[in-house]
Amino acid sequence: MGTGISLQEATWHAGAPADDTLVAAARAAVTADGAARWEAAFDAFWCTVTPPGRTPEQGWKIHVSAAGPVAVRVLSAVAEVLAADPCTFKFAADRERLQQLNSRNSERGSAGKFITVYPRDEAQFQRLLTGLHLATEGLPGPLVLSDRPYAPGSLVHYRYGVFSGRGELGNDGRYRSMLHGPAGQRIEDERGPSYRCPPWVVDPVEGRGSTRRAKGGGAVLIGGRYALTAAVRHSAKGGVYLGTDATDGTPVVVKQARAHIEVDRSGTDAPTALRHEARLLGELAELGLAARPLDLLTQGDSLLLVQEHIPGQQLGSWVAARVDRGGAPDVPWAQARPMALALVELLTRVHAAGLVLRDLSPGNVLVLPDGSLRLVDLELACAAGVVSGTAGTPGYRAPEQSGRLLAADPALDLFALGGLFFLLATGHDPLLPEDLPQARPLPERLGRWLALAAREGESAARLAPLVLGLRTAAPGERWPLSRVRAALGAPADAPRPAGRVLPQPLARILRDGLRHLVATATPQRPDRLWPAVPGGQRTDPCNVQHGAAGVLAVLARCLPQFPEGELTARQAAEWIERRCAAEPVVLPGLHFGRSGTVWALLDAAEALGDPGLAARARRLAEAVPRRWPNPDVCHGATGAGFLRLRLGDRRGALAAARALLAGAEQAPYGTVWPVPADFDSQLAGITHLGYAHGVAGVGAFLLAAHRATGDAAALAGARQAAATLAATVRRRGPAAWWPQSAGDPESVRLAHWCSGASGVGSFLVRLWQVTGDPAALELAVAAGSAVLDSRWHSGASACHGLAGNGEYLLDLAEATGEERFRCGAEELAHLLAARAALREGLLVLPDETGTDCAAGYGTGTAGGLAFLHRLQHGGPRLWLDPLLPPEVP
């Protein structure tokens, strides 16, 4: 080999993280004998280390956990064992990633999985299981909930699962890891918070299969005294439960803290934080500010805190119950002002006790029936001046809480208080995508949103100056509580501050957003052309909802005004074609399947003047199933029917319509199209009313099929769908809302495209345009009122937010000529634009998370850009109004 570096050694350096402490430890252990036969590969999170030889596609895998302080020792010990008995393994590539795995915010099925080992066969699995346990025995680390521990207290855990191989595209358009049995069995490899193994597999250690507990009645008794009756929530650090004291029936709350799960960036583990919280509860309960602690118990790897149960609701729920009224953005001033004063008084008393909460958020303030407040979840609170690890709730966490360690300062709580006032003023958490690389002043960004709300909300107008005064980046410039109290004490009849609206220019938002799509495309990557929101990362990357097809369609629509997008559009079309050719599963849905992908390619072919692309798209369309168990638009047969219309295949569209009519069922409230209960889908058994998965979407296609073919039966089916929607509408004044399903509680009233008034109205207004039915028009207009009423409290996306709702208001404006709907669409556009982030000098709309700018059409920025383009330049609505070419032979 000489003195040069080998190809195998070079792989340890290519892509390694800046903090290579863990990588260096693994490399030193496996290459100690001088034979550079191990290769390393890095992705966004893992370092995967591979020896020569083949790794099985599935089998018994081993997970080894580690507390942060002993991570290097554990990894070195594991790598030494594997150097002597080689197989593939991977580990979190640096200490920051390990902290994420061990944090309270980790998914329960993933928490603690520092190292994953992939034995080549069961014999090696048995050897390594014992060897790794002995090598790491006595070292600390969290329990891995998805696995079975090798022995009590061991860091070594195991489960049967998928090792390698590409995921399979399931019927819902998501890639799934599938296990294959010897007799052809296929089940999904679910990484949940409990151990289980396939029915054909025998546990090689315990000699039995799944340990899934049978469902049964009866409460769980802890400490021989407290009966747990219900779970409030679960997380990686442990659950929160309701229960009773069996000795006297007193209601209690029980909080669980699992060992070695970290609650902040300093590495403080959950049990330590829970003991600390118990002490603080004792202090604050004496002041009437928190529940009384009753008991501390140890059970297994967990510490349990039993505390007094206080009836009440979280502040976030309290606000949500009061902002939903006639289109106003805020909690009425008569209720907002006393609440704001109560929050100031609460914080004043906490600070007078020498404490800083460090995590003042809507979920940690309880509103009692008499309006008084109590604090919950005090694990991060501490004495002023104490240096602790940073943590907190996004949107309420101060800018200085971005480091690892920070001295507790009351100014942290002042910033969070401004966030609570913003919630009272707008009904929203103060979440915005991060400006990159340099942030604008936060008051400037929130100011646009507040100014829009202040035009119509008294609380928004009165609280806006306080929000801006409390949310400054410099801690020393935040308003003190005395000034906040004085401002809130101003007479109720004092003049309202004028809200000076400084809207973002919509033309710039559109152009900058399109430029951002061009700048962030990654045609060299095989997995995704554009980043997706977290919920879309395992979906088909060629679909409309989260993937490249939706973005391509928007670029194609905008090319006349944005010719700079031509190269990216061509690259996107080529990328989609390559990826589709490599995917054997073809699903029919318009938003999650191939129907929308073909539609986007056809749009791109027309915009680019590329007949070859159009011909290839038509050939791709022939593989799309025309019959499917799920009848809906997004995933199923209705989506395939819309594609037939886009292709000009009227006969195919008519056949699809007749199949849907034949599959209709009768419910007590009208005609419906349920998803079969035995279909392999998370939607199995649902009967929805909305556009994405139910009656409105099917009705819209039947109507479109009638318009294309003149078929009377299709029109009759559309009328039946409208009758079902008329029978299930929920009224409030002039507004019409719909639930997801007819049996939902009366309080469920939705306004968005996928399951509410926006999507239902999109069908009904088109029905009126075809038939002149006044009942359809009345409901469509009432749906528009619901969309307007909900504008302040909507997210950003096309699927369930401002972008999709704005499209519907444009539908109404074009159909009815009513100016209020056009004005409403413009207002929604400004509300959307007010949340834009500055990315490399470009103003970019947020995605559905409110904290990032992923590109997808249904959940990301592309849907908002489609809405803004239509608002400014007109044109048909994407995915609802296919421009039919001449009929194909």
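Counting from 1, the numbers follow the sequence of the chain as shown.
One side chain, Thr849 or Asp847, offers a donor N or O that lies under 3.5 Å from an acceptor on the other.
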| Where do Phe421 and Val344 land on the side chain to side chain contact (heavy atoms under 4.5 Å, CB included) test, with the steps shown first? | CA-CA 10 Å; Phe421 286 178; Val344 170; 4.0 Å; yes

| request: Take Asn105 and Ser103 through the test side chain to side chain donor-acceptor pair (under 3.5 Å) and record every step on the way to the result. | output: CA-CA 5 Å; Asn105 298 319; Ser103 81; 4.6 Å; no

| field | Test log, rule side chain to side chain contact (heavy atoms under 4.5 Å, CB included), inputs Leu378 and Leu355 | value | CA-CA 11 Å; Leu378 294 171; Leu355 299 175; over 6 Å; no

| field | Stepwise side chain to side chain contact (heavy atoms under 4.5 Å, CB included) test for Val253 and Val376 | value | CA-CA 11 Å; Val253 173; Val376 297; over 6 Å; no

| request: Apply the test side chain to side chain contact (heavy atoms under 4.5 Å, CB included) to residues Val695 and Phe763: give CA-CA distance (whole Å), side-chain angles for both, the deciding distance (0.1 Å), then the verdict. | output: CA-CA 10 Å; Val695 172; Phe763 159 50; 5.8 Å; no

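Summarising the local packing, CZ of Arg292 is surrounded by 12 or fewer heavy atoms from other residues, nucleotides or ligands at distances under 6.0 Å. Atom CD of Glu286 sits in a sparse spot, with 12 or fewer heavy atoms from other residues, nucleotides or ligands closer than 6.0 Å.
Taking the six-membered ring where the residue is Trp, His428 and His793 present tilted rings, their angle falling between 30° and 60°. Relative orientation of the His800 and His752 rings is perpendicular, given thresholds of 30° and 60° on the angle between their planes. Ring geometry for Trp449 versus Phe422: interplanar angle over 60°, hence perpendicular rather than tilted (30 to 60°).
With hydrogens and angles ignored, the 3.5 Å screen pairs no side-chain donor or acceptor of Gln335 with any backbone N or O of Pro332. The backbone N or O of Leu432 lies less than 3.5 Å from no partner atom in the side chain of Arg835, so there is not a single donor-acceptor pair. With Arg374 contributing its side chain and Ile310 its backbone, the two residues share no donor-acceptor pair below 3.5 Å.
Applying the side chain to side chain donor-acceptor pair (under 3.5 Å) criterion to Ser317, with sequence neighbours excluded, gives no partner residue. Taking the side chain to side chain contact (heavy atoms under 4.5 Å, CB included) definition, one finds that His234 meets it with Arg108, Ala231, Tyr241, sequence neighbours left out.
Smallest separation of non-hydrogen atoms from Arg749 and Arg731: NH1-O, 3.0 Å. Scanning both residues, Val323 and Asp330, for their nearest heavy atoms gives CG1-C, 3.8 Å. Counting all heavy atoms, side chain and backbone alike, Asp811 lies closest to Ser762 at OD2-OG, 3.9 Å. Across every non-hydrogen atom of Ala425 and Ser459, the tightest pair is CB-O, 4.4 Å.
Side-chain contact between Asn805 and Phe867 is absent, with no heavy-atom pair separated by less than 4.5 Å. Within the 4.5 Å cutoff, no side-chain heavy atoms of Val760 are placed close to those of Leu779. By the 4.5 Å heavy-atom criterion applied to side chains, Pro430 and Arg471 are counted as neighbours. Within the 4.5 Å cutoff, the side chain of Val367 has no heavy atoms near those of the Gln314 side chain. Counting heavy atoms from C-beta outward, Val252 and Thr244 have side chains that stay 4.5 Å or more apart. Side-chain contact between Leu315 and Leu366 is absent, with no heavy-atom pair separated by less than 4.5 Å. A heavy-atom distance below 4.5 Å is not found between the side chains of Asn364 and Leu375. Residues Leu689 and Pro739 form a side-chain contact, since some pair of their non-hydrogen atoms from C-beta on lies under 4.5 Å apart.
Under 4.0 Å is where a charged nitrogen must lie from a carboxylate oxygen, and between Asp377 and Lys237 no such pair does. Salt-bridge annotation for Glu827 and Arg455: present, with a side-chain N of the basic residue lying under 4.0 Å from a carboxylate O of the acidic one.
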